[in-house]
Amino acid sequence: MSKEQPAKVSYFFGKGYVDLLNTIKSAWMLNFESIKRQLSLVGEKGLFTVGGAMNLVAAVSILFFGSIISIATSVIHIVVLVIFFLCIYFGFVLLWLIDRIYILLNKIKNACPNPECQASFSIPVYECPSCGEKHTNLVPSKYGILKRICLCGAKLPTTFLNGREKLKAYCPECDSPMSGDTASRQYAFPVIGGPSVGKTCYINMTIDKLINDVASANNWNVSFISETEEKEHDLAMKSLNNGVRLLKTELNALTAFQLMLKLPKEKISRRIYIYDISGEMFSSSGNVQSNLAYSYANGLIFIIDPLTLGLFAAEVENKIDSEAYGASSKDFDDILNIMLINLDKMLGSQDKDTLKRNLAVVINKTNIPTLEEKIGDTAAQQYLTENSDKCRSFAAARDAVCRSFLENYGAGNFVRTAESKFKKVRYFTRSALGHVQEGRPFESKNVVNPLIWLLKEADSSIKIPNE
């Protein structure tokens with residue numbers, strides 16, 4: 001049963017039937033009143049008088065012929081009205097279907113920005129701009145087909161085709177307010193990694209490059225949906241540009257950076273969610289399951305701290321200050337396993353099933369001595385040159401050198417597990433900060449490419465050159 005709405009029921013779904021019944025009822029009442037009047041005259045004049053006999057004949061005629069005429073006109077009235085109502089209902093069903101098809105074809109979806117909720121849905125709750133009443137099911141219905149009349153008298157559009165998305169919106173689960181265009185596609189990308197792996201710095205640097213470099217180069221319009229998040233990002237970039245590291249993400253906190261992407265000549269916008277979650281959250285399965293965003297994620301970015309690899313950490317031990325690089329304290333292989341166990345539970349899949357999601361594996365902190373030579377651009381280009389017969393692209397070459405690096409330093413199980421569970425896996429090497437010297441502006445390197453790859457895989461309309 002649908003919830004009653006603070007709106008007037010359409011004439012064709014309520015009062016129209018009442019008016020039809022009253023019209024038929026009035027016709028029959030007039031008929032019977034005429035019969036009673038003729039019979040009354042018979043009583044006054046006498047049954048055996050000429051006048052009385054004529055009134056009796058008139059009463060019988062009205063009863064017989066009047067009833068036939070009333071039945072005929074009632075049937076005609078009902079048939080005409082039913083045909084008219086059927087046309088209205090057909091239009092209602094057609095418009096409802098068009099709205100649903102529009103949502104389906106354009107992949108319109110929304111997610112609650114409240115970290116305590118994270119519900120996913122197509123149509124939010126919309127607020128009447130005149131009285132503030134909330135309409136939980138603003139679609140073509142008995143309350144209106146193209147427009148719904150709120151109890152206050154305001155007319156509200158009922159589809160995305162005529163402006164429903166312009167109304168103030170709320171999450172239907174927790175009633176949290178929503179910002180931005182709710183008639184947009186949604187793409188969710190959680191960033192996964194252990195404590196001190198550099199997720200928060202990576203996300204802010206990625207967003208900065210997306211807005212200032214990628215968007216301008218491709219004539220995109222990228223903006224923050226939330227002013228609060230925009231201010232937080234600005235503060236983060238101010239710190240990074242001054243050479244100040246960002247604070248760790250709080251335990252149990254999930255931050256969803258919301259961006260609106262508008263492509264040239266594309267009517268439908270893209271709402272991009274980039275989720276940042278504390279690495280400590282992966283210490284137990286219950287923590288992960290509480291974050292619904294993973295269940296509807298389009299792709300995941302998995303950040304690896306190379307210093308978590310014991311063999312590599314021992315190799316560079318005498319060359320770096322591990323505290324300056326902020327080595328992660330949790331094994332990323334364990335994080336992947338916890339993530340996969342919970343994804344299977346959320347999606348109802350089996351351990352042997354391949355998830356219909358892509359995974360971008362990012363080996364961070366490539367500014368660590370010797371790491372650039374092992375997996376950086378130079379190493380990938382050299383591999384491509386030496387294996388041109390079987391390796392066709394720079395991306396494939398980088399995948400090969402990264403995969404080899406992880407296997408050689410004891411993370412072969414991670415490689416095999418990731419590539420067996422995800423639809424596609426691509427490897428990236430990045431440095432979110434560029435160096436570890438405090439007080440000197442941090443400079444990221446190639447941080448935005450994992451997000452761009454996931455976006456291109458999720459949306460065929462996004463066409464920019466490969467790296």
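Because the structure is predicted, anything quoted here is derived from the model rather than measured.
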Looking at [X] and [Y], does any basic side-chain N land under 4.0 Å from a carboxylate oxygen?
{"X": "Glu4", "Y": "Lys142", "result": "yes"}
{"X": "Arg403", "Y": "Glu419", "result": "yes"}
{"X": "Asp181", "Y": "Arg271", "result": "no"}
{"X": "Glu266", "Y": "Arg185", "result": "no"}

Under 3.5 Å, is there a donor on one side chain and an acceptor on the other for [X] and [Y]?
{"X": "Asp276", "Y": "Thr200", "value": "yes"}
{"X": "Tyr187", "Y": "Lys107", "value": "no"}
{"X": "Arg270", "Y": "Gln186", "value": "no"}
{"X": "Thr136", "Y": "Gln5", "value": "yes"}
{"X": "Thr182", "Y": "Tyr126", "value": "yes"}
{"X": "Asn212", "Y": "Ser216", "value": "no"}

Does [X] reach the main-chain N or O of [Y] with its side chain, forming a donor-acceptor pair under 3.5 Å?
{"X": "Ser404", "Y": "Ala400", "value": "no"}
{"X": "Thr158", "Y": "Ile145", "value": "yes"}
{"X": "Asn242", "Y": "Lys238", "value": "yes"}
{"X": "Asp459", "Y": "Ser461", "value": "yes"}
{"X": "Asp353", "Y": "Gln350", "value": "yes"}
{"X": "Gln118", "Y": "Pro115", "value": "yes"}
{"X": "Glu229", "Y": "Gln258", "value": "yes"}
{"X": "Asn241", "Y": "Met237", "value": "yes"}
{"X": "Asn298", "Y": "Ala188", "value": "yes"}
{"X": "Asn162", "Y": "Thr159", "value": "yes"}

Handout entry: Option from Asn413, Leu309, Ile375 for which side-chain contact (heavy atoms from CB on, under 4.5 Å) with Leu406 holds
Key = Leu309
Problem - Sole candidate of Leu455, Ile452, Thr206 that passes side-chain contact (heavy atoms from CB on, under 4.5 Å) when paired with Val214 - result: Ile452
Show the nearest heavy-atom pair for residues [X] and [Y], with the distance to one decimal.
{"X": "Ala236", "Y": "Asn204", "answer": "CB-OD1, 3.5 Å"}
{"X": "Ala418", "Y": "Val425", "answer": "O-CG2, 3.5 Å"}
{"X": "Leu300", "Y": "Leu454", "answer": "O-CD1, 3.9 Å"}
{"X": "Ser295", "Y": "Arg357", "answer": "O-NH2, 2.5 Å"}
{"X": "Tyr273", "Y": "Ala256", "answer": "CD2-CB, 4.2 Å"}
{"X": "Val244", "Y": "Phe442", "answer": "N-CE1, 3.6 Å"}

Practice task
Please step through side-chain hydrogen bond (donor to acceptor under 3.5 Å, both in side chains) for the pair Glu315 and Tyr409, ending with a clear verdict.
Solution key: CA-CA 10 Å; Glu315 186 179 292; Tyr409 285 93; 2.7 Å; yes
Could you check if a side-chain atom of [X] sits within less than 4.5 angstrom of a side-chain atom of [Y], using non-hydrogen atoms only?
{"X": "Phe405", "Y": "Ile363", "result": "yes"}
{"X": "Ser122", "Y": "Ile108", "result": "no"}
{"X": "Cys201", "Y": "Leu240", "result": "yes"}
{"X": "Leu167", "Y": "Glu127", "result": "no"}
{"X": "Val361", "Y": "Ile301", "result": "no"}
{"X": "Leu340", "Y": "Phe422", "result": "yes"}
{"X": "Val93", "Y": "Pro140", "result": "no"}
{"X": "Glu372", "Y": "Thr429", "result": "no"}

Exercise for the section: Please say whether more than 12 non-hydrogen atoms of neighbouring residues, nucleotides or ligands are located less than 6.0 Å from NZ in Lys147. Expected result: yes
Practice task
Take Lys319 and Thr370, measure what side chain to side chain contact (heavy atoms under 4.5 Å, CB included) needs, and give me the verdict at the end.
Solution key: CA-CA 9 Å; Lys319 299 177 182 178; Thr370 75; 3.5 Å; yes
Handout entry: side chain to side chain contact (heavy atoms under 4.5 Å, CB included) assessment of Asn364 paired with Ile304
Key = CA-CA 6 Å; Asn364 198 22; Ile304 290 177; over 6 Å; no
Are [X] and [Y] in a cation-pi contact, defined as NZ or CZ under 6.0 Å from the six-membered ring centre and within 45° of the axis?
{"X": "Arg398", "Y": "Tyr427", "answer": "no"}
{"X": "Arg430", "Y": "Phe428", "answer": "no"}
{"X": "Lys134", "Y": "Tyr170", "answer": "yes"}

Problem - Candidate pair Phe302 and Phe414, rule ring-ring contact (aromatic ring centres under 6.0 Å, His included), full reasoning - result: CA-CA 11 Å; Phe302 197 107; Phe414 172 89; 5.2 Å; yes
Completion exercise
Interatomic distance, CG@Asn106 vs CD1@Ile101, rounded to 0.5 Å, equals 11.5 Å
Practice task
Hey, could you give me the CG/CZ distance between Leu451 and Phe189, rounded to the nearest 0.5 Å?
Solution key: 6.0 Å
Practice task
Starting from the C-alpha separation in whole Å, work towards a yes-or-no answer on side chain to side chain contact (heavy atoms under 4.5 Å, CB included) for Leu263 and Ile462.
Solution key: CA-CA 8 Å; Leu263 301 176; Ile462 297 176; 3.9 Å; yes
Practice task
Hey, can you tell me if His233 and Phe257 have their rings parallel, tilted or perpendicular (30° and 60° cut-offs)?
Solution key: perpendicular
Problem - Verdict with supporting geometry, Lys109 and Phe121, side chain to side chain contact (heavy atoms under 4.5 Å, CB included) - result: CA-CA 6 Å; Lys109 209 172 183 183; Phe121 45 88; over 6 Å; no
